[in-house]
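Here the structure comes first, spelled out in structure tokens, and everything after it is commentary.
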Amino acid sequence: MPPSPDITQWPALTLRGLTLSPPLLIAPMAGFTHSAFRRLLAEFGGYGALFTEMLAAKPLLVEHFASSPFVRRRPEEGAVIYQLLAPESDRLPEIVARLRQVEPAGLDLNCGCPAPDARLVGGGAHLCRDAERLRRVLSTLRAEFAGPFTVKIRLGFRADAGWEERFLANLRLYEECGVDAVTLHPRFAEERLKRPVLWKRWAWAAAHTRLPVIANGDITGPETLAAHPDAFRGVAGIMMGRQAIVQPWRCAYWNQPAWRPADPAAVWDRLRAYIEDDFSPAKAFLRLRDFTFWYARNFRFGHTLHAAAQHAPDLPTLRTRALAFLQTAPAWDKQPSFSGL
Ligand SMILES: Cc1cc2nc3c(=O)[nH]c(=O)nc-3n(C[C@H](O)[C@H](O)[C@H](O)COP(=O)(O)O)c2cc1C
């Protein structure tokens, strides 16, 4: 039997004492999954755990956690898994010791990011191309952190000859190094977010490892699971990314894809207030403008909101324009598109 499209019926996923129920996670997304956004997600709920965005490991040695919008964690956020971009093992013991201040529910190693920041330091997807360095980083994190330790991976760097063998060898490395679960985003790093995910690869990976496999990529809700029932065989959890930015309520209303908040302006304005709590005015403006581009996808005439946000010179203007659009009961799109996001 393929798993039910209703994630709330899936067995809980327990990783070293952390129970994810439902086994539904919000993906790490740079620029979006800061504490202010996690506060908004928490008000809706419905997820088993949230992720920080990828945090470059070395700056954590000096960062002031209580005032960092990315590292700080409020109790209402629930379980927050901290994702590290860690290309080297040398300072990891100190970094993990310091991170204990924020009591991470888990640690995750970014093994899939193809972005220039990751390339520059040899982390993310680039780390996975160097088995010895990867082993050192994994073993050090495992030795230093007693809680749940996961990795977020892609299929490889590119789909060249031998990629399957290399992928399976890395899976064995994760097992040997004491990783507790893998989240698989089944694209190649070079593809970034282009092309559909390779649907068959979650079940394939799950059949080749004893580790729980969490499926991530192009999942919008139960309709995705219903459309690809075989893709989720053997999968232990689901991770949702872009859909949760466009619709922060999506996890809470998993079984009601048509649910929409009665007051979309209030949702936007709550996030605005939370972002202003955490960021300087200039940075708050940028964070909110980026969110507004995505939130605009919800509406049939969202391009109007998008354009108004794009040309706003500052946060007060952005707010006036966004609320002017959102307070007029704009028509909702049935299924917001991700294209270009
Ligand atoms: C704006 C943005 C930022 C992202 N930042 C990260 C990140 O910091 N760490 C990471 O592992 N993946 C990152 N990703 C990838 C997502 O976690 C996820 O794997 C990808 O969006 C596919 O899932 P989705 O189709 O549900 O969005 C990012 C994706 C986007 C769109």
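In each ligand, atom 1 is the first atom listed, and ligand 1 is the first ligand listed.
Screening residues 111-134 for ring pair (Phe, Tyr, Trp, His ring centres under 6.0 Å), with sequence neighbours left out, gives His126-Phe157.
Protein residues lining ligand 1, listed by chain and number: Ala27, Pro28, Met29, Ala30, Phe32, Met54, Gln83, Asn110, Lys152, His185, Leu193, Asn216, Gly217, Asp218, Met240, Gly241, Arg242, Trp294 [non-hydrogen atoms, distance under 4.0 Å].
Side-chain contact check for Trp199 versus Thr224: some heavy-atom pair is nearer than 4.5 Å. Annotation: side chain of Ile219 is not in contact with side chain of Met239 (no heavy-atom distance under 4.5 Å).
Here the CG-OH distance, from Leu211 to Tyr174, works out to 10.5 Å after rounding to the nearest 0.5 Å.
The salt bridge (Lys or Arg N to Asp or Glu O under 4.0 Å) check on Glu43 picks up Arg270, with sequence neighbours excluded. For Arg321, there are no salt bridge (Lys or Arg N to Asp or Glu O under 4.0 Å) partners two or more places apart in sequence or in a different chain.
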